[in-house]
Amino acid sequence: MQKPDILMTKPMLPVVEEQLDEAFTVHRLHAAEDPDAMLAEVGPKVRGIALSWAEVNDAFLAKFPNLEIVSSFGVGYDHVDTDACLRAKVMVTHTPDVLTDEVADTAIGLMIMTVRELGQAETWLRDGNWTKKGGYPLSQATLQGRTLGIFGLGRIGKAIAKRAESFGLKIAYYGRSQQAGVDYPYHASLVSLAEACDTLMVVAPGGAETQHAVNAEVLSALGPNGIVINIGRGSVIDEAALADALESGTIYGAGLDVFEQEPCTPERLMKLPRVTLLPHVGSASQATRNAMGQLVVDNLKSWFETGKPLTAVPEMK
Ligand code: 8YV
């Protein structure tokens with residue numbers, strides 16, 4: 001039987017590429033000398049896409065008249081216009097669950113790093129300041145007694161909440177709606193959540209609905225003891241408003257794993273002392289990334305073998 005033709009938009013992990021090559025005829029967009037010419041030639045043959053970090057919209061879909069499925073790497077899929085995919089009758093899958101614990105672990109690590117300035121303390125030691133100048137200055141913030149406001153209590157948000165409970169933090173949340181069976185106090189607006197907490201954990205997905213949801217008003221409601229952690233998407237925070245709030249002392253500090261224009265990190269944030277910045281490493285262990293990649297492969301195989309995906313995005317169900 002002829003192998004289905006699929007397109008890969010960027011290089012993927014070796015374990016993924018090996019399996020895709022075995023099951024499919026793979027066209028590598030990133031390796032094409034002339035991507036437009038390549039798409040014109042293979043576009044009509046392509047039935048599936050193994051997607052990482054490419055935008056899928058009407059114009060992109062128009063190049064693939066016989067496309068059946070976009071199998072996207074990552075749990076977030078704000079780069080995929082699902083309405084356009086529904087119109088084009090293209091299935092979209094993502095890679096939930098397999099990264100939940102890893103991202104939650106990273107979120108807690110980033111929160112503690114930020115509150116207790118652990119990255120800055122390590123730099124102090126590495127720069128020889130411990131011997132030259134003495135101990136690192138006492139952190140003016142502590143984790144103890146904090147209230148964690150979670151923006152986006154989905155799978156990852158809940159895993160973060162579970163961990164934070166064991167640290168003795170009080171927890172509250174905001175999301176599109178109050179969740180049945182969840183005992184944490186619910187706030188119907190982000191400003192109300194920010195008023196009620198001093199540590200705002202952003203786990204919300206990107207996209208138009210959450211664009212710049214964390215704005216100057218929310219930051220002002222968080223207050224001078226406030227710390228913002230973002231492990232979701234950079235677009236959810238108005239970065240200029242965040243830099244203003246940090247510079248003016250409107251809030252205390254921030255820990256960011258995601259940014260508006262990755263891989264660029266704003267100079268203003270880089271200069272601030274109580275800010276911890278990570279290069280989008282939330283899910284970035286070999287084991288977890290392999291598991292995510294495996295799900296990209298398994299969704300494609302399942303689709304072409306049974307006509308059903310394993311982990312369709314909610315809009316498809
Ligand atoms: C990955 C992520 O960094 O799953 C997501 O939505 O943001 C991360 O796990 C990304 O998807 C792939 O590079």
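We use all heavy atoms of the structure for the numbers below, so side chains are in, but hydrogens, waters and symmetry mates are not.
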A.B. asks: Taking only residues at least two apart or on different chains, which pairs with a member in residues 233-255 satisfy ring pair (Phe, Tyr, Trp, His ring centres under 6.0 Å)?
C.D. replies: none
A.B. asks: Counting C-beta onward and ignoring hydrogens, is there a side-chain heavy-atom pair between Arg268 and Leu272 closer than 4.5 Å?
C.D. replies: no
A.B. asks: How close do Ala159 and Arg163 get, counting heavy atoms only, and between which atoms?
C.D. replies: O-NH1, 3.0 Å
A.B. asks: Enter the distance from Gln286:CD to Leu13:CG here, rounded to the nearest 0.5 Å.
C.D. replies: 6.0 Å
A.B. asks: If you round to the nearest 0.5 Å, how far is OG1 of Thr210 from CG of Leu190?
C.D. replies: 10.5 Å
A.B. asks: Is the number of heavy atoms from other residues, nucleotides or ligands under 6.0 Å of Glu262 CD greater than 12?
C.D. replies: yes
A.B. asks: Looking only at heavy atoms, what is the nearest atom pair of Ala221 and Val191, with distance?
C.D. replies: CB-O, 3.8 Å
A.B. asks: With the side chain counted from C-beta on, respond yes when Ile156 and Val75 share a heavy-atom pair under 4.5 Å apart, and no when they do not.
C.D. replies: yes
A.B. asks: Is Asp127 salt-bridged to Lys132, going by a charged N under 4.0 Å from an acidic O?
C.D. replies: no
A.B. asks: Step by step, would you call Ser189 with Ser192 a side chain to side chain donor-acceptor pair (under 3.5 Å)?
C.D. replies: CA-CA 5 Å; Ser189 78; Ser192 164; 4.5 Å; no
A.B. asks: Quick one: closest heavy-atom pair of Ser235 and Gly207, and the distance?
C.D. replies: OG-N, 4.1 Å
A.B. asks: Is the shortest side-chain heavy-atom distance between Val42 and Asp5 below 4.5 Å?
C.D. replies: no
A.B. asks: Between Cys197 and Thr147, what is the shortest heavy-atom contact and its length?
C.D. replies: CB-O, 3.4 Å
A.B. asks: Atom CD1 of Ile237 and atom CG of Leu219: how far apart are they, to the nearest 0.5 Å?
C.D. replies: 7.5 Å
A.B. asks: Which pairs, with at least one residue in residues 90-114 and sequence neighbours excluded, count as a ring pair (Phe, Tyr, Trp, His ring centres under 6.0 Å)?
C.D. replies: Tyr77-His94
A.B. asks: Between atom CG of Asp97 and atom CZ of Arg155, what is the distance when rounded to the nearest 0.5 Å?
C.D. replies: 5.0 Å
A.B. asks: Using 4.0 Å as the upper bound for N to carboxylate O, is an ion pair formed by Lys162 and Asp101?
C.D. replies: no
A.B. asks: Do Phe167 and Leu110 share a hydrophobic cluster, counting only Ile, Leu, Val, Met, Phe, Trp and Tyr and linking them when any side-chain heavy atoms are less than 4.5 Å apart?
C.D. replies: yes
A.B. asks: Test: ring pair (Phe, Tyr, Trp, His ring centres under 6.0 Å). Region: residues 3-37. Which pairs qualify, not counting sequence neighbours?
C.D. replies: Phe24-Phe304
A.B. asks: Determine whether Val214 and Leu242 make a side-chain contact, defined as any pair of heavy atoms from C-beta on separated by less than 4.5 Å.
C.D. replies: no
A.B. asks: Sequence neighbours left out, what pairs pass salt bridge (Lys or Arg N to Asp or Glu O under 4.0 Å) with at least one residue falling in residues 75-84?
C.D. replies: Asp78-Arg233
A.B. asks: For the residue pair Gln294 and Gln19, what are the closest heavy atoms and their distance?
C.D. replies: OE1-NE2, 2.7 Å
A.B. asks: Under the ring pair (Phe, Tyr, Trp, His ring centres under 6.0 Å) definition, can you give me all pairs with a residue in residues 190-236, not counting sequence neighbours?
C.D. replies: none
A.B. asks: Which residue pairs pass the side chain to side chain donor-acceptor pair (under 3.5 Å) test with at least one member in residues 171-182, sequence neighbours excluded?
C.D. replies: Lys158-Gln179
A.B. asks: Heavy-atom distance under 4.5 Å between the side chains of Arg126 and Thr123, does that happen here?
C.D. replies: no
A.B. asks: Count I, L, V, M, F, W, Y as connected when their side-chain heavy atoms are under 4.5 Å apart, and connections chain through other members. Are Met316 and Phe60 then in the same cluster?
C.D. replies: yes
A.B. asks: Nearest 0.5 Å, please: how far is CG in Leu310 from CG in Leu300?
C.D. replies: 10.0 Å
A.B. asks: Within a strict 4.5 Å, meaning less than it, do heavy atoms of the Phe151 and Val236 side chains meet?
C.D. replies: yes
A.B. asks: Can you measure from CG (Asp58) to SG (Cys85) and round to the nearest 0.5 angstrom?
C.D. replies: 8.5 Å
A.B. asks: Is it true that the side chains of Thr199 and Arg146 contain a donor and an acceptor less than 3.5 Å apart?
C.D. replies: yes
A.B. asks: Do Val80 and Glu315 come close enough that some side-chain heavy atom pair is under 4.5 Å?
C.D. replies: no
A.B. asks: Hydrophobic clusters here meaning ILVMFWY residues chained together by side-chain heavy-atom distances under 4.5 Å, can you tell me if Phe73 and Val258 are in one?
C.D. replies: no
A.B. asks: Please report the shortest heavy-atom distance between Gly226 and Ile251, naming the atom on each side.
C.D. replies: O-CB, 3.5 Å
